[in-house]
Amino acid sequence: MGEGTVLDTSALISWPLSELSGSMIVSSQVSELEKHSPTRADIIETLGLIISEPSIESLATISELAMETGDMTGISQTDLSLVALAHCRGATLVTDDYRMQNLAEILGMEWRGAIMDGISETWRWELKCIGCGTVYGSPESPSRNKRVLKECKNCGSVLKLRKK
């Protein structure tokens with residue numbers, strides 16, 4: 001892969017080291033990599049990766065889209081930054097994350113899976129209370145814990161993410 005590639009952490013972990021050189025990542029991935037693959041994190045500086053950050057405008061565009069599609073509910077700040085970096089650089093996004101692929105596809109960006117094939121269609125999501133059925137809008141920013149959804153303000157029941 002060359003200069004026009006932004007790699008998700010799944011590619012950093014699973015791809016041969018020889019294929020990583022010249023690809024772009026965001027700085028927050030270094031700590032993710034230290035957690036998931038300390039060996040790879042130790043040699044990240046020698047791999048020839050380009051650590052960069054997206055423009056503020058591109059990050060705002062991707063965040064707005066993620067709120068509109070409902071993907072904000074299950075995406076991390078690092079993932080948003082990676083999509084935004086690929087968007088502002090016109091680069092190919094390499095990820096196995098379906099939410100990131102969903103955003104890239106809706107924007108008409110070039111993307112590919114790191115290991116898996118990826119999505120075949122785009123989806124939109126909503127948060128719905130399992131008790132009273134109230135539908136909530138997407139949060140404005142990623143949650144620190146993607147697996148924990150908020151409780152219903154009306155009845156206190158759990159909110160579930162479902163396809164619109």
Side-chain angles (χ1 to χ4, degrees), residues 1-125 138-149 161-163:
M1 290 286 132
E3 167 101 356
T5 306
V6 172
L7 301 178
D8 187 8
T9 306
S10 60
L12 288 175
I13 293 169
S14 63
W15 276 17
L17 296 177
S18 61
E19 299 218 13
L20 302 177
S21 183
S23 296
M24 292 177 274
I25 63 171
V26 294
S27 59
S28 58
Q29 281 179 280
V30 176
S31 59
E32 276 188 14
L33 198 56
E34 287 170 346
K35 184 170 49 171
H36 295 293
S37 182
T39 305
R40 287 222 172 187
D42 288 343
I43 59 172
I44 199 164
E45 289 183 20
T46 64
L47 296 178
L49 291 164
I50 300 164
I51 299 175
S52 187
E53 299 301 325
S55 67
I56 293 169
E57 296 82 11
S58 187
L59 193 54
T61 297
I62 301 306
S63 295
E64 285 176 33
L65 179 62
M67 286 188 301
E68 181 184 308
T69 63
D71 286 308
M72 187 67 85
T73 303
I75 200 166
S76 71
Q77 187 61 50
T78 297
D79 293 347
L80 275 177
S81 294
L82 287 166
V83 176
L85 180 61
H87 179 258
C88 72
R89 297 290 177 96
T92 300
L93 177 66
V94 179
T95 181
D96 285 333
D97 185 290
Y98 292 154
R99 293 189 185 286
M100 294 172 68
Q101 292 173 2
N102 195 52
L103 294 170
E105 185 70 24
I106 290 169
L107 283 168
M109 292 170 47
E110 191 174 325
W111 64 270
R112 63 173 278 216
I115 301 170
M116 303 184 312
D117 289 336
I119 63 171
S120 57
E121 62 182 321
T122 59
W123 289 6
R124 298 199 180 255
W125 303 92
S138 181
E140 294 182 8
S141 61
S143 169
R144 290 184 187 247
N145 185 347
K146 297 190 288 187
R147 301 187 200 312
V148 177
L149 302 176
L161 193 60
R162 71 177 198 155
K163 185 179 170 184

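Counting from 1, the numbers follow the sequence of the chain as shown.
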TODO: Scan Val26, Leu80, Val6, Val83 and name whichever one has a side chain to side chain contact (heavy atoms under 4.5 Å, CB included) with Pro54.
DONE: Val26

- [ ] Kindly say whether Thr122 contributes a backbone atom to a donor-acceptor pair with the side chain of Glu105 at under 3.5 angstrom?
- [x] no

TODO: Please step through side chain to side chain contact (heavy atoms under 4.5 Å, CB included) for the pair Trp111 and Asp8, ending with a clear verdict.
DONE: CA-CA 11 Å; Trp111 64 270; Asp8 187 8; over 6 Å; no

- [ ] Write down the atom of Gly70, the atom of Leu161, and the distance for their closest heavy-atom approach.
- [x] O-CD1, 4.4 Å

- [ ] May I ask you to test the Ser52-Leu85 pair for a side-chain heavy-atom distance under 4.5 Å?
- [x] yes

- [ ] Begin from the C-alpha positions of Thr69 and Ile106 and carry the test side chain to side chain contact (heavy atoms under 4.5 Å, CB included) through to its verdict.
- [x] CA-CA 9 Å; Thr69 63; Ile106 290 169; 3.5 Å; yes

- [ ] Determine the minimum heavy-atom distance between Ser58 and His87, stating which atoms define it.
- [x] OG-ND1, 2.9 Å

TODO: Flag yes if more than 12 heavy atoms outside Glu110 fall under 6.0 Å of its CD atom; otherwise flag no.
DONE: no

Task: Separation between CD1 of Ile75 and CE of Met67, rounded to the nearest 0.5 Å - done: 12.5 Å

Open item on the list: What's the separation between atom CZ in Arg112 and atom CG in Asp96, rounded to the nearest 0.5 Å?
Closed with: 9.5 Å

Task: Separation of Ser55 OG from Arg89 CZ (nearest 0.5 Å) - done: 9.0 Å

Task: Under 3.5 Å side-chain donor-acceptor pair for Glu32 and Thr9 - done: yes

Open item on the list: Is it the case that atom NZ in Lys163 sees more than 12 heavy atoms from other parts of the structure closer than 6.0 Å?
Closed with: yes

Open item on the list: Looking at every non-hydrogen atom in both residues, tell me the closest pair between Ser138 and Met72 and how far apart they are.
Closed with: OG-CB, 3.3 Å

Open item on the list: For the residue pair Glu53 / Ser81, report whether a side-chain donor-acceptor contact shorter than 3.5 Å exists.
Closed with: no

TODO: Nearest 0.5 Å please: distance from the CE atom of Met109 over to the CG atom of Leu93.
DONE: 5.5 Å

Task: Test side chain to side chain donor-acceptor pair (under 3.5 Å) applied to Thr61 - qualifying residues, sequence neighbours left out - done: none

Open item on the list: Keeping Thr46 on the side-chain end and Ile43 on the backbone end, is there a donor-acceptor pair under 3.5 Å?
Closed with: yes

Task: Under 3.5 Å donor-acceptor, Arg40 side chain and Leu12 backbone - done: yes

Open item on the list: If you compare all heavy atoms of Ala11 against all heavy atoms of Leu20, which two are closest, and at what distance to 0.1 Å?
Closed with: O-CD2, 3.8 Å

Open item on the list: Measuring from atom OG1 of Thr95 to atom CG of Asp97, what distance do you get when rounded to the nearest 0.5 angstrom?
Closed with: 4.5 Å

TODO: Heavy atoms only: give me the nearest Gln101-Gly118 pair and the separation to one decimal.
DONE: OE1-CA, 3.1 Å

Task: Side chain Gln29, main chain Leu7, donor-acceptor under 3.5 Å - done: yes

- [ ] Would you mind telling me which of Thr73, Asp71, Asp79 makes a side chain to side chain donor-acceptor pair (under 3.5 Å) with Arg99?
- [x] Asp71

Open item on the list: Quick check against the 3.5 Å criterion: does Thr5 have a side-chain atom that pairs as donor or acceptor with the backbone of Ser23?
Closed with: no

Open item on the list: For the CG atom of Leu59 and the CD1 atom of Ile62, what is their distance to the nearest 0.5 Å?
Closed with: 8.0 Å

Task: Sidechain-backbone polar pair: Ser31 side chain, Ser28 backbone, donor-acceptor under 3.5 Å - done: yes

